[in-house]
Amino acid sequence: MTIKLYNSLTRKKEDFEPSTPGKVTMYVCGPTVYALSHIGHARSAVSFDSIQRFLRYRGFEVKYARNYTDVDDKIINKANEEGVPPQELAERFIKAFDDDMAALHVQLPDIRPKATESIEKIINVTGSLIKKGAAYEIDGDVYYSVRSKKDYGKLSGKNIDDLESGARVDVDERKKDPLDFALWKASKPGEPFWESPWGKGRPGWHIECTAMVMEWLGETIDIHGGGKDLIFPHHENEIAQSEAATGKAPYVKYWLHNGFVNIEKEKMSKSLGNILNIRDALVDHTAEAIRLFLLSSHYRSPIDYTRESLRDAESAVERFYKTVQRVSEEFPNVLEAEFCHSCIQDKLDEAFSPMEDDFNTAEVVGNLFKEMTRMNKALDEAKATGSRKGVWEELSYSLGIIKEASKFLGIFDRTPEEYFKDKNSRAAVPAEEVERLINERNEARKNKDFARADAIRKELLDKGILLEDSAKGTTWSVKTQ
RNA sequence: GGCGGCGUACCCAAGUGGCAAGGGAGCAGUCUGCAAAACUGCCAUCCAGCGGUUCGAAUCCGCUCGCCGCCUCCA
């Protein structure tokens, strides 16, 4: 089956045919490292993580790069505020970003270039653009001339004249055209700088991605991803300067852009003060619930982060682990056995086919939940009839499908013990205290003092802890809220 | 103003020409000291509205209404 994907450049769904059959070069815009990463960064990272995982799952040899923008005005400003060197600040937030990504089970890209490590390439590309007449130098700044490229605007569907009538661009009299953008900026005193043919300076924003792509992946690549907001001006400019520099088009064969995460129907923004950092989200929710929430809608759609949506996701994750728990109690050897891959090839193809249609993770998730219902039904049936005939295979097949899907979705890949330990670590009451109260309550139950027993249960429930009695004893868990 | 997108049950969300996936909530049943949890079952003759194309449309086309994003170095 051919993979189809929506290409922002053509605004159409296209068959995916990498320029070298079987091999994929893929670049995704990473964070500017001057603050903690938020849930929007998580969405981009998780979306492209599942995409690159799926391409590998389908047998492509993938070379995947995601950069860190570690030199930028915002970094410099923040560093000055804190009185630390910009590079030190950047390194700190690179570490924080890596930690957040690891927590979300985002695989490490093959290559993680930093802008500051490609300065030489940036200078070379900038120089060649000047030589070709596509860029010009003024007082140590170098600008790209948008009028020099006749198809400027092809990604965002804009044309230069329309943009200028919008007139929201900085008016810099020195520039030939208000839309011309900086490739190289002369450094001001106290700013980090590198020596260049145009004096001491530092790179502009857009040029770094071009340089890193060329340095690590090649002059043209198969897939380039990022948030929707990057379409203009960032990716538009990247195309212009890259194609002008190499004379090769298209610079990127397939452009993929993920949608935004809103918070309670509002755009996340500094001014609204509703930025949700990844690590704050992880205080209340398991990484798996966050990941499921992100993968439960299509990567290009906007999604709304609310308390309810995360609670729903957490309940759904729990449904999976409860089902596995049930299987392990009633048919323990199913979990240990290796499932028969070839027996379920058809089922796998069917369950995963939505991924081939522009990476529709949401539909695959739906298919996995069908498997869970199937397993529970089989278990019920076995219990009711006393016959275990065929049940083992049924369970093994369903679990096999989920296990395979977890390879590219990055969810449902733990044991129930690991999941519940993770979830219960959020308890508001120390575990020893809970255990003590459970014992006290069981004493009361033994003495038929149900009033006392119920009072203890109520007390814990008010603190978000749920007690469940079963034949094997009383267990507790953090209530999903 | 220019460009792009969206509108599917109580909520979230797939489906883009052939009888409307899935999750959450709700209700019922099983279970239980009572519960809770879990599981099972039920839950849109209908896809913002109006026209059109078609044997057949939530899916294609046109118009209307409503919402959102980008055009500010915000993923």
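Lettering of chains follows the sequences in order, A, B, ..., and the numbering in each one begins at 1. None of the values given here were measured: they were computed from a predicted structure.
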- Task: Could you check whether A:Phe260 and the base of B:G69 form a stacked pair, meaning centres closer than 5.5 Å and planes differing by less than 30°?
- Result: no
Anything under 3.5 Å between a protein N or O and an N or O of nucleotides 36-38 of chain B, put it in a table, one pair a line.
unit_1	atom_1	unit_2	atom_2	d
B:A37	O2'	A:Lys322	NZ	3.2
B:A37	O2'	A:Glu468	OE1	3.2

- Who passes salt bridge (charged side-chain N to carboxylate O under 4.0 Å, His left out) against A:Lys95, sequence neighbours left out? A:Asp99
- Query: Under 4.0 angstrom, heavy atoms only, what part of the nucleic acid is A:Ser477 near: base, sugar-phosphate, or nothing?
  - Reply: nothing
- Rounded to whole angstrom, note down the P distance from B:U59 over to B:C3. 25 Å
- Note on the structure: Whole-Å distance, A:Asn67 CG to B:A75 P, equals 11 Å
- Task: Identify whether any heavy atom of A:Arg445 sits under 4.0 Å from a base atom; if not, whether one sits that close to sugar-phosphate; answer base, sugar-phosphate or nothing.
- Result: base
- Item | Any A:Ile223 side-chain heavy atom under 4.5 Å of A:Val252 side chain | no
- Task: Measure from NZ or CZ of A:Lys158 to the centre of the six-membered ring of A:Phe232 and say whether it is under 6.0 Å with the direction within 45° of the ring axis.
- Result: yes
- Query: Hey, does A:Gly40 reach any base, or is it just sugar-phosphate, or nothing, if we go heavy atoms under 4.0 Å?
  - Reply: base
- Query: Could you state the NE2-P distance from A:His298 to B:G15, rounded to the nearest angstrom?
  - Reply: 7 Å
- If you measure from the C1' atom in B:C10 to the same atom in B:A44, how many Å do you get, rounded? 12 Å
- Query: What's the CZ-P distance between A:Arg307 and B:C12, to the nearest Å?
  - Reply: 18 Å
- Just name whichever nucleotide pairs with B:G62, Watson-Crick or G-U, keeping both distances under 3.5 Å, else none. B:C50
- Query: Contact class for A:Gly153 vs. all strands (heavy atom < 4.0 Å): base, sugar-phosphate, or nothing?
  - Reply: nothing
- Note on the structure: Partner of B:U32 under the Watson-Crick or G-U wobble criteria, both distances under 3.5 Å, comes out as none
- Query: B:C43 and B:G4: how far apart are their C1' atoms, nearest whole angstrom?
  - Reply: 37 Å
- Task: Answer with base, sugar-phosphate or nothing: what part of the nucleic acid does A:Thr373 contact at a heavy-atom distance below 4.0 Å?
- Result: sugar-phosphate
- Message: For A:Asp312, give me all partners under salt bridge (charged side-chain N to carboxylate O under 4.0 Å, His left out), at least two apart in sequence or on another chain.
- Response: none
- Task: Flag the pair A:Tyr64 / A:Ile111 as yes when at least one side-chain heavy-atom distance between them is below 4.5 Å, and no otherwise.
- Result: no
- Integer angstrom distance from the P of B:A38 to that of B:G24: 9 Å
- Message: Over all strands shown, is A:Leu230 touching base, sugar-phosphate only, or nothing at heavy-atom distances under 4.0 angstrom?
- Response: sugar-phosphate
- Query: Just how far, in rounded Å, is P of B:G2 from CG of A:Leu155?
  - Reply: 20 Å
- In whole angstrom, give the distance that lies between atom CG of A:Leu409 and atom P of B:G22. 18 Å
- Message: Mind checking if A:Arg202 touches a base, just sugar-phosphate, or nothing, with heavy atoms under 4.0 Å?
- Response: nothing
- Do A:Arg388's NZ or CZ and the ring of A:Phe331 fall within the cation-pi criteria of under 6.0 Å and 45°? yes
- Using a heavy-atom cut-off of under 4.0 Å over every strand shown, decide if A:Asp380 touches base, sugar-phosphate, or nothing. sugar-phosphate
- Quick one: look up who B:C3 pairs with, Watson-Crick or G-U, both distances under 3.5 Å, and put none if it's unpaired. B:G69
- Note on the structure: residues 397-406 of chain A vs salt bridge (Lys or Arg N to Asp or Glu O under 4.0 Å), sequence neighbours excluded, gives A:Glu404-A:Lys407
- Counting only non-hydrogen atoms, which of residues 360-369 of chain A are less than 4.0 Å from RNA chain B? A:Asn360, A:Ala362, A:Glu363, A:Gly366, A:Phe369
- For B:A57 versus B:G52, give the span between their C1' atoms, rounded off to a whole number of Å. 12 Å
- Message: Cation-pi check for A:Tyr6 against A:Arg11: NZ or CZ below 6.0 Å from the six-membered ring centre and within 45 degrees of the axis, yes or no?
- Response: no
- Please measure how far the P atom in B:U45 lies from the corresponding atom in B:C31, and state the result in whole Å. 34 Å
- Query: Watson-Crick or G-U wobble partner for B:G22, using a 3.5 Å limit on both distances?
  - Reply: B:C12
- salt bridge (charged side-chain N to carboxylate O under 4.0 Å, His left out) with A:Asp449: which residues, sequence neighbours excluded? none
- Query: Rounded to the nearest Å, what distance is computed from the CG atom of residue A:Asn262 to the P atom of nucleotide B:C6?
  - Reply: 16 Å
- Message: Heavy atoms only, 4.0 Å cut-off, all strands: where does A:Ser309 land among base, sugar-phosphate and nothing?
- Response: nothing
- Message: Between B:A48 and B:U54, how far apart are the two C1' atoms, rounded to whole Å?
- Response: 23 Å
- Specify whether A:His235 and A:Trp255 have parallel, tilted or perpendicular ring planes, treating 30° as the upper limit for parallel and 60° as the lower limit for perpendicular. tilted
- Query: Taking NZ from A:Lys377 and C1' from B:G22, how many angstroms apart are they, rounded to a whole number?
  - Reply: 13 Å
